[in-house]
Amino acid sequence: MCGIVGYIGKGNAQEIILDGLEKLEYRGYDSAGIAIINKSGLKTRKKVGRLSNLANDLKGDPINGDVGIGHTRWATHGAPSDVNSHPHTNMSGSIAVVHNGIIENYRSIKEELVGLGYSFKSETDTEVVAHLIDYYYSGDLLEAVFKAEDRLKGAYALAVIAKDNPDEIVAIRHESPLILGIGEGEYFVASDIPAILKYTNKMVYLENKDTIRLTRNGYKVYGPDRMEVKRDINTIMWDVEAASKEGFEHFMLKEIYQQPKAIDETLFRRLDDDGNIYLENIKITKEDLNNIDRIYIVGCGTAYHAGLIGRYLFQTFLKVNTITDIASEFRYNEHYIDERTLVVVVSQSGETLDTLTALKDAREKGARILSITNVVGSSVSRESNDVFYTWAGPEIAVASTKAYTTQLVAFYMLALHFGRLKGTLEDECYDEILEELKGLSQKVQLTLESVNESSKEVANKIKDNHSLFYLGRGLDYNTALEGALKLKEISYIHTEAFPAGELKHGTIALIEEGTPVIAIATQQGLYDKMVSNIKEVKARGAFVIGVTRHRNRDLEQVCDYTIFIEESFNIFMPLLSVIFPQLLSYHTSLIKGNDVDKPRNLAKSVTVE
Ligand code: F6R
């Protein structure tokens, strides 16, 4: 939520910051702003709406300068407007601040500052930070930021510049992500890697409560005790292409089509010389597994849906009681967590605050934490005992696709590996299942090729509907949940997923003439029951789109439209059956003229509770 960029060097700050903000628009896009220091002082420009509004404004009247900060916003406190946009300044406009996160105690600080004669322009929590720094400022910006920070509660990544300190940027991170980029005679600060990857691949992942001071000649990092510390410099192996559309019309489409490659990257990098699974960052032993008597899987949205499939796999192969919970609810539910509990945390970004909070709660109670994340060095990975990195590459589109399928691969690999290690999965089964997994990316590729046209046709049929239902049983129900989320978030059609057998207990009342129902029917043992449920909704007027395996040709006689996908073991069908819902939501969103990659009200990385 919200993206920030800072630059100091010899380049054109406006250009570099705008370029960085464009890469961060996935974090929020309801307004944007920039502040730059030049010979005539500190200049700020902010505009409600997409970044292009700000860019157009600056085109007509650019701000020159080689030090500055910028922000793209996802509104929390105060509606999207010019005045609520960042950067926020002190009253004289000599100090500018950009912020990602929430200052929880801003009201009491605001009251105090108003009492001291400060006047506020915006409704945001961030503006207090600008005034607070002003209050403590007596020439030393770093000192003033330290003093202001002592007063703040909440989550924040902040970058600050001051007119009277034209050769420095001070930035600080607490719970919200922030990275430092090291170039040749130039330095960057940003919420995420793609923002500055064009300029440098040398990055420092800042730790919680780290503060940095960037000058034209170098940088210093101060740890939580305010003493100077050394942090590792990481060389990012992605190239700029990885964070660009590479000829696709949208990031989402590119990411859907990257899935076979992402699945292979995640899987084949972790096979030893004998072709068996080797997990490099996971130190869990047979003894540890024997000691684990309960597993919780937590995540939000799509990551939670991957966790539902993970639960099935762990229970099947590990024979351990497993519960999957929504991260934002996890801490409020009654759970039995102790040293014998394994908590598996799933997060593409590794920065989702609800997930991070659930992780910390569980760790405090003694649980061992294993995380599945796509971002090396993310907060989730740093707070975990063991990490499984999905090698999906950067996921930019707000709607998650390749992160989901690689999270599934992570669960398949973990369940197989742990099952064999523990002895609850026989070697023969392990070999057979792993062999099938090795060929799955090809089946995903074939499915992509075969369902693209039909997903366009179905998109045209459903585009004007106001509501739609997904049905499934067993693992297909989990795919239904993910399909419904995808369609909701980018097509804005109200879509609900139901276990097919549950419909008759109430929801079937909503089915009327022409209501579209997408029935996922890939689980062979449950197929006949699914067919009966499809007939029930058909009899009440539903327009049914069936998704099944090639062998179930008879489904054509029951459905209005049938999509056939590749065959595999039941447990692997979620990896194949999700492709049609992904493409369907993409094409529906496109036909409706929505912004596919940046749907309304959403942001990619949710760093507020
Ligand atoms: C949906 C989507 C979200 C995320 C959720 C968790 O397409 O992308 O539901 O899955 O916000 O994000 P991460 O995985 O970064 O924790």
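In listed order, ligands and their atoms are each counted from 1.
- Near ligand 1, residues Cys300, Gly301, Thr302, Ala303, Ser347, Gln348, Ser349, Thr352, Val398, Ala399, Ser400, Leu485, Lys486, Glu489 each place a heavy atom inside the 4.0 Å sphere around the ligand atoms.
- The aromatic rings of Tyr156 and His99 sit tilted, their planes meeting at an angle between 30° and 60°.
- The existence of a salt bridge linking Glu457 and Lys461 is excluded, since no basic side-chain nitrogen approaches an acidic carboxylate oxygen closer than 4.0 Å.
- A salt bridge links Glu265 with Arg269; the closest basic N to acidic carboxylate O contact falls under 4.0 Å.
- Across Asn478, Asn570, Leu475, a single residue satisfies side chain to side chain contact (heavy atoms under 4.5 Å, CB included) together with Tyr312, and that is Leu475.
- A cation-pi arrangement is absent between Arg294 and Tyr336 under the rule of less than 6.0 angstrom and at most 45 degrees off the ring axis.
- Listed for the Glu364 side chain is no donor-acceptor partner under 3.5 Å among the backbone atoms of Asp361.
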